[in-house]
Protein chains: 2
Amino acid sequence: MNILLIEDDEVLADGLLHTLSSIGYRVSTVATASLAEYILNIQEFDLVILDLGLPDIDGLRLLRQFRSQKIPLPILILTARDDLNSRIEGIRQGADDYMTKPFDLKELEVRLQALIRRCYGGFSHIIKIGRLHLDTSNHQILADGEFLSLSSRESAVLEILLLQAGKVVCKERIAQRLSYEGEALADNAIEVYVHRVRKKIKPFDANIRTIRGLGYLLENENHD
Amino acid sequence: MNILLIEDDEVLADGLLHTLSSIGYRVSTVATASLAEYILNIQEFDLVILDLGLPDIDGLRLLRQFRSQKIPLPILILTARDDLNSRIEGIRQGADDYMTKPFDLKELEVRLQALIRRCYGGFSHIIKIGRLHLDTSNHQILADGEFLSLSSRESAVLEILLLQAGKVVCKERIAQRLSYEGEALADNAIEVYVHRVRKKIKPFDANIRTIRGLGYLLENENHD
DNA sequence: TCAAAGCTTTCAATAACCTTTCAATTAATA
DNA sequence: TATTAATTGAAAGGTTATTGAAAGCTTTGA
């Protein structure tokens, strides 16, 4: 997790760098807004900690700039300004959280955790197999970022294969998933569905391999 | 935007209910943890405001329960406990934000906005999907900058779809948003409203796709 | 080579959804 | 307040996608 710390107070910056590094974050610090802009262009970050009292540009203005440039990073403001209005303005301008100095390191730590959790999907677990993405939280399957048009049964088949990508899934397993309370399906129902799914995922280089006598397996080529 | 307010102080609950309602949120209040669990099971919410000092179960424990049940709702804790430890624990247990009483209503309002923005809108309080804009701060929907003439129900349907643009929203979710306290709607009411909304947004190249058996999805073509 | 296992296509029944119409209600306007 | 307009939700009939069964074809491995 890469954090950009924009802070001109050298002592505080060093302290934070040390603390955050020690709990596993990779931290880069810059002391001015212009440096911040520069480094954001050449390096990828996951989160920004922004001090409002910068020497060159006002922090709120920098924040506005980020957002108008559609930089979607989570931003936590850290500042000495305690008055309510700048707190409100900070959040209104697009910050995700706000802490005032002096602050407790432990609290900063958990607030960072909360932000990361929220922004980088502690909840929705996304499984990526090649060009297919499965969002397990809402059972949505995307191919190249586009919604894949699947009927609900087709979707169920592909989901179970994606979840076990690279492993053999036996027909019975799939049948269980498709039928309600074990009502029998025609003996070739699974074959029909696999066929339909194959047709739909082929354009995305995804392939369901048949393991004779055992079941099916979604190929999971790790050549990235 | 449906908010569940879990708060046992009746005066405060009423005040918040009134304030939040007046700025366009739909608020349900419950006074106990068990009621909260009950209502969360039968109704969908977009955000939870949780008081830690509840009469039956400790708020933190409730929070842990939510998260262990993988309820991914954004949760803002509101409490009289000012000490640092419970603040840290609150966030660590899975809350997204934390405010201590007494608090400023304006600040609560913007923090709610920030949460909503982060969880549903990327990073702006204006959610832009193609030529449609939803301003989450006042629940207004614009098309090409002009007000879109929608009835309140139509507006509710479109809002919920805009908030989850690109994701499937199931019919039940929409039905809950439309009806008060689960009064039944005709089985095709949603279909009728979706139909009406479709007709109105079509001139703006916006499209609601039907995902058979699952629900609807506002297309969110990322070709910018 | 010949079963067995799997593939593919077709088709009718059905369930899910769409669309229109209309009457009842509510809100707006004169 | 009387009139008009808009909104709402129920009903009914039309449309389309999904489903699963059937039947014939192809591949596989003993």
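Since the structure is predicted, the reported quantities are computational estimates derived from the model, not experimental observations. In what follows, chains are A, B, ... by sequence order, proteins preceding strands, each numbered from 1.
- Remark: side-chain polar atoms of D205(B) are not paired, donor with acceptor, to backbone N or O of G130(B) under 3.5 angstrom.
- For the pair R198(B) CZ and dC18(C) C1', the interatomic distance rounds to 8 Å; values are reported in whole Å.
- Between dT19(C) and H195(B), a contact under 4.0 Å exists linking OP1 or OP2 to a side-chain N or O.
- Here the C1' atom of nucleotide dT8(D) and the CD atom of E154(B) are 10 Å apart, to the nearest Å.
- Under the 3.5 Å distance criterion, the side-chain polar atoms of D51(B) are matched with a main-chain donor or acceptor of G53(B).
- Within 4.0 Å (heavy atoms only), R196(B) reaches at least one base atom of the nucleic acid.
- Atom CD1 in I208(B) sits roughly 10 Å away from atom P in dC18(C) (whole-Å rounding).
- When atom types are taken as modelled, the side chain of R131(A) and the backbone of A206(A) share no donor-acceptor pair closer than 3.5 angstrom.
- Following rounding to the nearest Å, R153(B) (CZ) and dA27(C) (C1') show an atom-to-atom distance of 14 Å.
- K199(A) places its NZ atom 12 Å from the P atom of dT18(D), with the value rounded to the nearest Å.
- Phosphate contact (OP1/OP2 of dA5(C), side-chain N/O of T210(A), threshold under 4.0 Å): absent.
- With salt bridges taken as basic N to acidic carboxylate O contacts below 4.0 Å, one links D97(B) and R111(A).
- One atom, CD1 of I190(B), and another, P of dT19(C), lie 16 Å apart when rounded to the nearest Å.
- D56(B) places a side-chain N or O within donor-acceptor distance of the main-chain N or O of A33(B), the cut-off being under 3.5 Å.
- The phosphate of dT18(D) has neither OP1 nor OP2 within less than 4.0 Å of any side-chain N or O from Y193(A).
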Check against side chain to side chain donor-acceptor pair (under 3.5 Å), R198(A) and T210(A): CA-CA 11 Å; R198(A) 270 181 175 143; T210(A) 304; 2.7 Å; yes

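- Taking CD of E109(B) as the start and CZ of R92(A) as the end, the distance is 7.0 Å to the nearest 0.5 Å.
- A donor-acceptor pair under 3.5 Å is formed between the side chain of D104(B) and the backbone N or O of E107(B).
- The distance between atom CD1 of I174(A) and atom P of dT19(D), rounded to the nearest whole Å, is 15 Å.
- The pair R173(B)-D46(B) counts as a salt bridge, with a side-chain nitrogen and a carboxylate oxygen less than 4.0 angstrom apart.
- The distance between atom CZ of R209(B) and atom P of dC17(C), rounded to the nearest whole Å, is 15 Å.
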Name the pairs: protein N/O against N/O of nucleotides 13-16 of chain C, kept only if under 3.5 Å.
residue : atom : partner : partner atom : Å
dA16(C) : N3   : R212(B) : NH2          : 2.9

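- Taking a 4.0 Å limit (strictly below) on heavy-atom distances, residues 139-152 of chain B reaches DNA chain D at S151(B), S152(B).
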